[in-house]
Amino acid sequence: MLTLNAIRNNTQEIIDRLAKRGIDRTADIMQVIALDELKRAKQTQLEQNLAKANTIAKDVGELFKAGNRAQADLKKEESIQLKEESRQLETELSELENQLTQKLYEIPNAPSAKVKTGKTPEENEVVFEWGDNPVLPENAKPHWELTSQYQLVDFELGNKITGAGFPVYTGKGARLQRALINFFLDEALSAGYYEIQPPILVNEASGFGTGQLPDKEGQMYHSPIDNLYCIPTAEVPITNMYRDVILKEDELPLKNVGYTPCFRREAGSYGSHVRGLNRLHQFDKVEIVQIAHPDNSYEILENMVDHVKGLMRKLGLKFRILRLCGGDMGFASALTYDFEAWSGAQQKWLEVSSVSNFETFQANRLKCRYKSKDGKNEFVHTLNGSALALPRIVASLLENYQTTDGINLPECLHPYLGFSKI
RNA sequence: GGAGAAAUGGCAGAGCGGUUGAAUGCGGCAGUCUUGAAAACUGUUUUAGUGAAAGCUAACGGGGGUUCGAAUCCCUCUUUCUCCGCCA
């Protein structure tokens, strides 16, 4: 959520930035400011009351020691009165606090300076493009035909065992998965990331920490018995490692990478764009996460983008980078770059990575801060990106590298695969 | 899953109803001494909210309760340890 400090001190700026999402949030921001003022007034009132009660309690103690029973009893009466009042004030205060956080939860992050105003994906800006169109044989096949022809992915079987969107990878298909994961992890390691293997079920507090809750409640698989959620991305557990943590300034930036399966209910998705590997309920992803100093988080964002570029180049996949417009960005993001790989047979762009700077939006919920040189605690900036998500990479690899007598996989994967051709 | 014990500041560890936000030790920081360092000695050292500041308020695993007053008593949840059971 946005920090109260930013809203209070830079009100107009926040409103203007939010407007880039294509919705006017002035009323919400004003409401936050009003609630905050009410809350602080109420709090002062309560604290004064408590201070009085504390003094009385001390006096009572003194009087008892001195053996002055009658006076002590008188003071007690007074204290009981105050307590009644305090209780009332406390209720009112927590009511105001709830309203305030509720309101803050509803407001998305303020897009940063580079973000263009806009509402739809068509308004995203293409900022980079690389690679040539793959040369494909006549009657090039979409990946869902290739996966069955070469017995790489069995969608029917997954359907039988679990349901739609839970494919079974078999033979070279399974080995390709494993090769990609290891390739991505090793690339991140040599870029200085620290490897993490986190739990893939998280508690409610973690869901709130990175902003999946309450915003995307229905998009996560949930086990009510234990009140745990299946992670939609490794971002959730890895970023939550820093929940309620105060870091040292010179520790920053922290660079972590983790491979996890990811689970998404994708409620409301349907149609041909979910065909094959295009959209799944369970998929594998290697995620890079950085905890950064606010002063250089945007340089770090560029570094992360460069890292992903490097992966795409090594895989030899034609791709482009979009800078998302305000309306197409995720709730928590201040600036997002999407990577799209060209899928030769489907003749369309597939989103394979999303790299974002959340500024202090997550850090505020997480209460993740660093101690600055002058001893003050400041919120960190959090960033993350897919490096990379597997299914659409697999789809593009299969489609773009198909020939009439097999699929020639890119060289960077050969050591990981133990074969070069499917 | 059953039985028992425990949870206090960066760490270790006292306190077990009344100036205890918390003894003591270690660690950290500053200083004295020293050419410098070590040792020794002296001082200092939690966080959040609010306020211009002084100050005030809150926090001893989380939540609730008893009391004029709770780190201290009660309830509850969580976590850790020991023993038993089960089991990758």
Side-chain angles (χ1 to χ4, degrees), chain A residues 1-9 32-104 197-209 213 222-229 237 240-252 254 261 360 362-380:
Chain A
M1 58 184 154
L2 291 169
T3 63
L4 274 171
N5 263 346
I7 293 177
R8 263 195 273 171
N9 301 335
V32 165
I33 290 176
L35 277 169
D36 178 51
E37 269 165 24
L38 274 175
K39 191 207 94 176
R40 293 205 327 266
K42 192 63 77 182
Q43 190 173 337
T44 311
Q45 216 181 330
L46 172 65
E47 283 177 3
Q48 281 169 356
N49 226 24
L50 289 174
K52 261 193 237 169
N54 283 345
T55 318
I56 291 173
K58 269 181 196 160
D59 290 349
V60 172
E62 297 291 324
L63 289 168
F64 264 121
K65 265 191 199 159
N68 197 341
R69 229 225 155 102
Q71 275 232 284
D73 284 341
L74 262 172
K75 285 271 185 186
K76 272 197 199 176
E77 285 299 318
E78 212 179 317
S79 180
I80 291 169
Q81 270 277 320
L82 275 174
K83 202 181 172 182
E84 219 29 66
E85 278 176 48
S86 299
R87 221 169 252 182
Q88 179 62 29
L89 287 170
E90 251 170 63
T91 321
E92 289 169 26
L93 179 63
S94 72
E95 178 55 31
L96 284 169
E97 270 170 354
N98 285 345
Q99 283 178 35
L100 183 59
T101 22
Q102 194 52 47
K103 200 75 221 169
L104 282 171
Q197 196 173 102
I200 55 180
L201 263 62
V202 294
N203 58 28
E204 209 174 9
S206 295
F208 274 96
L213 292 173
H222 180 221
S223 163
I225 298 178
D226 300 299
N227 198 20
L228 296 174
Y229 293 85
N240 269 283
M241 300 196 302
Y242 304 98
R243 174 150 49 83
D244 295 319
V245 167
I246 297 173
L247 297 157
K248 295 194 191 96
E249 190 167 20
D250 57 20
E251 285 181 273
L252 301 174
L254 288 159
T360 59
Q362 288 182 329
N364 187 22
R365 284 201 198 184
L366 290 162
K367 291 208 205 63
C368 178
R369 291 159 296 179
Y370 69 93
K371 199 176 270 299
S372 69
K373 293 204 175 65
D374 47 336
K376 283 183 73 181
N377 292 328
E378 308 278 358
F379 286 120
V380 298

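Proteins get letters first, then strands, A, B, ... in listed order; numbering begins at 1 in each.
Across the P atoms, B:rA14 and B:rU67 are found 32 Å apart, a figure rounded to whole Å. B:rU42 and B:rA5 have their C1' atoms separated by 42 Å, with the value rounded to a whole Å. The gap from the P atom of B:rU24 to that of B:rU44 amounts to 11 Å, rounded to the nearest Å. Separating the P atom of B:rA59 from that of B:rG9 is a span of 15 Å, rounded to the nearest Å. Across the C1' atoms, B:rA71 and B:rA58 are found 14 Å apart, a figure rounded to whole Å. Here, B:rU34 and B:rC41 have their C1' atoms 13 Å apart, quoted to the whole Å. With C1' as the reference atom, B:rC11 and B:rU45 are 14 Å apart, rounded to whole Å. Distance noted for atom C1' between B:rG27 and B:rU19: 29 Å (whole Å).
Whole-Å rounding puts the A:N203 CG to B:rU79 P distance at 10 Å. Here the C1' atom of nucleotide B:rC77 and the CD atom of A:E204 are 14 Å apart, to the nearest Å. Summarising the geometry, the separation between CD on A:E97 and P on B:rU50 is reported as 11 Å, rounded to the nearest angstrom. Between A:L38 atom CG and B:rU50 atom C1' there is a gap of 16 Å when expressed in whole angstrom units. The distance between atom CD of A:E37 and atom C1' of B:rU50, rounded to the nearest whole Å, is 14 Å. Atom P of nucleotide B:rU47 and atom CD1 of A:I246 are separated by 7 Å, given to the nearest angstrom. Rounded to an integer number of Å, the gap from CG of A:N364 to P of B:rA48 is 14 Å. With rounding to whole Å, A:K76 atom NZ is found 10 Å from B:rG69 atom P.
When atom types are taken as modelled, the side chain of A:S79 and the backbone of A:K75 share no donor-acceptor pair closer than 3.5 angstrom. Of the possible donor and acceptor atoms, one in the side chain of A:N240 sits under 3.5 Å from a partner among the backbone N and O of A:S206.
For B:rG51, there is no paired base (Watson-Crick or G-U wobble, both distances below 3.5 Å). For B:rG43, the paired nucleotide is B:rC29, the pair qualifying as Watson-Crick or G-U wobble because both relevant distances are below 3.5 Å. When both pairing distances are held under 3.5 Å, B:rA38 makes no Watson-Crick or G-U pair with any nucleotide shown. Applying the Watson-Crick and G-U wobble criteria (two distances, each under 3.5 Å), B:rA12 pairs with B:rU24. Remark: B:rA71 base-pairs with no nucleotide in the shown strands. Criterion, Watson-Crick or G-U wobble with two distances under 3.5 Å. In a base pair of the Watson-Crick type (N1 to N3 plus N6-O4 or O6-N4) or a G-U wobble (N1-O2 and O6-N3), with each distance short of 3.5 Å, B:rC86 is matched with no nucleotide. Across all strands shown, B:rA7 forms a Watson-Crick or G-U wobble pair with B:rU78, both key distances being under 3.5 Å.
A:Q88 places a side-chain heavy atom less than 4.5 Å from the side chain of A:E92. Using a 4.5 Å heavy-atom cutoff, the side chains of A:P237 and A:I200 are not in contact. A:Y242 places none of its side-chain heavy atoms less than 4.5 Å from the side chain of A:L366. Looking only at side-chain heavy atoms (C-beta outward), A:I7 and A:D36 stay at 4.5 Å or farther from each other. Between A:L104 and A:N364 there is no side-chain heavy-atom pair separated by less than 4.5 Å.
The side chain of A:F64 lies closest to B:rC68 when the candidates are B:rC68, B:rG51, B:rU47. Side chain of A:V60, nearest nucleotide from B:rG18, B:rG69, B:rU50: B:rG18.
Comparing A:D36 and A:K58 along RNA chain B, the residue whose closest nucleotide (by nearest heavy atom) sits nearer the 5' end is A:K58.
Between A:K39 and B:rU50 there is no side-chain N or O to OP1 or OP2 distance below 4.0 Å. Dashed line: the shortest gap from a side-chain N or O of A:R8 to OP1 or OP2 of B:rU50 is under 4.0 Å. Between B:rC56 and A:N54, no contact under 4.0 Å exists linking OP1 or OP2 to a side-chain N or O. Of the side-chain N and O atoms in A:R369, none sit less than 4.0 angstrom from OP1 or OP2 of B:rU47.
For residues 43-51 of chain A, proximity to RNA chain B is found at A:Q43, A:E47, A:L50, A:A51, defined as any non-hydrogen atom under 4.0 angstrom from a strand atom.
Here the straight-line distance linking atom CG of A:L228 with atom CD of A:E204 works out to 10.0 Å at 0.5 Å rounding. Separation of atoms CG (A:L74) and CD (A:Q71) is listed at 6.5 Å; rounding is to 0.5 Å. For the atom pair A:K42 NZ and A:E97 CD, the distance stands at 12.0 Å (nearest 0.5 Å).
Among the atoms of the strands shown, only primed sugar atoms or phosphate atoms (P, OP1, OP2) are found under 4.0 Å from some heavy atom of A:K371. Counting any heavy atom pair closer than 4.0 Å across all strands shown, A:I80 reaches sugar-phosphate atoms only and no base atom.
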